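We're numbering straight along the sequence, starting at 1. All of these numbers come straight from a predicted model, not from anything done at the bench.
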Amino acid sequence: MSATEGRGWSEQRGRLARRDLEERDLEERDLSAEPGVSKEQGLSEEHGPSQEHGLSEERDLLHERLKAYEGQAAVTAGVGKDLVNEPMIRHWCEAMGDTNPAYRGPDAIAPPTMLQAWTMGGLSGHMDRSGAYEELSALLDGAGYTSVVATDCEQEYLRPLRPGDAITFDAVIESVSPRKTTRLGTGHFVTTRMDVRAGGELAGTHRFRILKYAPAARPAAPAADPAPTPPARARRPRPVVNRDTAGFWEGVAEHRLLIQRCGDCATLRFPWLPGCNACGARRWDTVEASGEGTVYSYVVMHHPPFPAFDPPYAVGLIELAEGVRMVSNVVGVPYDKVRIGMPVRLEFLRVDDDLELPVFRAEGQEGQDD
C-alpha cells in the first residue's frame, strides 16, 4: 500500500455512524411516557386499567414474536451486481467532492464509505432476502406498522476494496426494539447487520436501522372561527448542531463564515467534517471566508410547498472565493433572474428571534427586497 493510499485508508478505517434523523429531531420514548396519544399510537387517556392491561399484554406478545426473528438470516449468500469498478468510484467521488488521490490511478482503492453501494439491489430491488425477513416485515405490517423510514447506519472497515474485487455478503436480523413512540409515529426499530466480503475475505460490516411505524395521527382541525385570525408563519427548520458543526454555528452567531482547514495538508473543506477528505488527518483549524462568491449552480423550488417558505424561490450552490462550495439561498434578485456565474456576497439573514442564517445577495442588489 502506497503512502498516499495509507493516509487515505488508515484515518478512515474504524466506525462510521450517520444519524440521518437528527434533522427530524427523532426522539425515542417508551410508550408509557406518552399519555393521551391516539388509539392508533397507543393508549388513550380514556382507557381504564383493565383495557390498558390488555393492550399491554398484546404489545408484549407481539414483541415476543418479533424478538424470535433476532439472529435469523436476512440475506444469505448475496452477490454484488457489479465488481468493484473505477467508473462507480469516480462517480461517487465527483458527487461527494472527494479528491483523495488514493481513489485514482493504477493502485486505486474504493472510498470506504462506498461499502454499502457494492451490495445494493438497484432499481430491480433485492431478490435475495430471506423468508424470515419477509415474515418479519409482514408481521409488522399486519400490526399496523406499515410505514418505514431509515434512521441510521454504522460501518466498520477491515480491509480496502479495489477495482476487480467480487463482492459477496450475508445479513442477519440483529435486533428488534420494544415498541417506541417518536415524532413520526409509534413502531419498532429493526437493525440488520451485513458482513461484506471481497474474494471471500471479510472487508467490513454494515449495520442498518429502520423504523417500521404507524404514522402519528394529525391533530383534529379546530372548530371554525367566525372571525379567524391569520395563522402565524411557520418557523424554519432548525439546523443540526452537534460536536462536528458547533464551531460553524458559533461563527455564524458572530457574523463570520468559517471554513475548516486541514492541520496537516492545509486543504480547505466545507461542509464541516471530523476528518480531512484529502489526506484523512483529524487536526484542523479555521479560516474566515471573505464573503465573495459566485453561483456555481442553482435550482428553483416550486413543489412541494413548505410552510416556512414562499415558493418559488432559488436555492444556490455557491462557490466561495476560497474554492469551497456551500448551499444557501440567493436573495435580492427575483428567482427567475438567478444565473450561473452570477457574483454574490455573503450576508446574514435574521429569520426569527432564535435563528440567523448565512445567505448570498446578488452583487449590485443592496437594498432590494428578499
Side-chain angles (χ1 to χ4, degrees), residues 16-47 51-52 55-56 58-60 62-63 66-67 136-154 173-192 207-223 231-246 248-249 252 271-272 301 303-311 315 327 329 351-357:
L16 171 71
R18 298 200 308 266
R19 296 292 172 181
D20 298 328
L21 284 192
E22 287 182 343
E23 295 182 353
R24 306 175 191 267
D25 196 18
L26 184 70
E27 298 175 356
E28 296 185 32
R29 301 185 297 272
D30 289 330
L31 183 63
S32 59
E34 292 289 351
V37 296
S38 68
K39 183 176 181 181
E40 290 76 15
Q41 293 174 264
L43 302 178
S44 166
E45 288 181 340
E46 298 177 356
H47 284 129
Q51 292 172 301
E52 291 180 3
L55 289 173
S56 177
E58 289 180 13
R59 293 198 301 269
D60 291 343
L62 174 62
H63 188 228
L66 297 174
K67 293 283 284 184
L136 174 62
S137 297
L139 183 58
L140 287 163
D141 287 343
Y145 307 120
T146 54
S147 297
V148 62
V149 64
T151 63
D152 60 277
C153 77
E154 300 173 1
I173 302 168
E174 191 168 67
S175 66
V176 183
S177 78
R179 193 167 186 257
K180 299 288 184 178
T181 295
T182 74
R183 294 192 179 187
L184 290 177
T186 298
H188 296 265
F189 290 89
V190 179
T191 304
T192 56
R207 282 182 173 82
F208 191 69
R209 188 171 293 108
I210 63 170
L211 172 64
K212 285 279 286 179
Y213 67 101
R218 295 185 177 182
R233 182 178 177 85
R235 296 200 318 163
R236 285 208 188 191
R238 304 294 98 173
V240 176
V241 181
N242 54 33
R243 63 183 181 182
D244 293 330
T245 62
F248 171 77
W249 292 106
V252 169
W272 281 39
M301 300 297 296
H303 186 81
F306 197 79
F309 299 87
D310 296 319
V315 178
V327 175
N329 288 115
V351 296
D352 58 43
D353 291 341
D354 302 319
L355 182 62
E356 195 165 18
L357 296 172

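- T182 and F189 get closest at one heavy-atom pair: CG2-CZ, 4.1 Å.
- Distance CD1/I210 to SG/C153: 13.0 Å, rounded to 0.5 Å.
- Contacts of P271 classified as side chain to side chain contact (heavy atoms under 4.5 Å, CB included), with partners at least two apart in sequence or in another chain: none.
- Counting only heavy atoms from C-beta outward, the side chains of L355 and P239 approach each other to under 4.5 Å.
- If you take CG on L211 and OG on S147, they are separated by 9.0 Å, rounding to the nearest 0.5 Å.
- Taking CG of L140 as the reference point, atom CG of L66 lies at 5.0 Å (rounded to 0.5 Å).
- For D352, the CG atom counts as densely surrounded, since its 6.0 Å shell holds more than 12 non-hydrogen atoms of other residues, nucleotides or ligands.
- The side chain to side chain contact (heavy atoms under 4.5 Å, CB included) search around V327 returns V315, L317, not counting sequence neighbours.
- Residues passing the salt bridge (charged side-chain N to carboxylate O under 4.0 Å, His left out) test with D141 are K212, sequence neighbours excluded.
- E174 meets the salt bridge (charged side-chain N to carboxylate O under 4.0 Å, His left out) test with R193, R207; sequence neighbours excluded.
- Using cut-offs of 30° and 60° on the angle between ring planes, the pair H63 and H188 is parallel.
- T245 is linked by a side-chain hydrogen bond (donor to acceptor under 3.5 Å, both in side chains) to N242, counting only residues two or more places apart in sequence or in another chain.
- Residue F208 comes nearest to A150 through the heavy atom pair CZ-CB, 3.6 Å, listed as atom of the first residue, atom of the second, then distance.
- No donor-acceptor contact under 3.5 angstrom links the side chains of T151 and R209, judged on distance only.
- Under the rule for a salt bridge (charged side-chain N to carboxylate O under 4.0 Å, His left out), the partners of D354 that lie at least two apart in sequence or sit in another chain are R235.
- Listed here is the closest heavy atom pair of A246 and V241: CA-CG1, 3.9 Å.
- Atoms OG1 and CD, from T191 and E154 in turn, are 8.5 Å apart once rounded to the nearest 0.5 Å.
- A distance of 10.5 Å separates CD of E356 from CH2 of W249, quoted to the nearest 0.5 Å.
- Under the 4.5 Å side-chain criterion, counting only non-hydrogen atoms from C-beta, L62 is in contact with L139.
- When side chains are defined from C-beta on, P237 counts as touching F309, because their heavy atoms get closer than 4.5 Å.
- Counting heavy atoms from C-beta outward, V149 and Y213 have side chains that approach closer than 4.5 Å.
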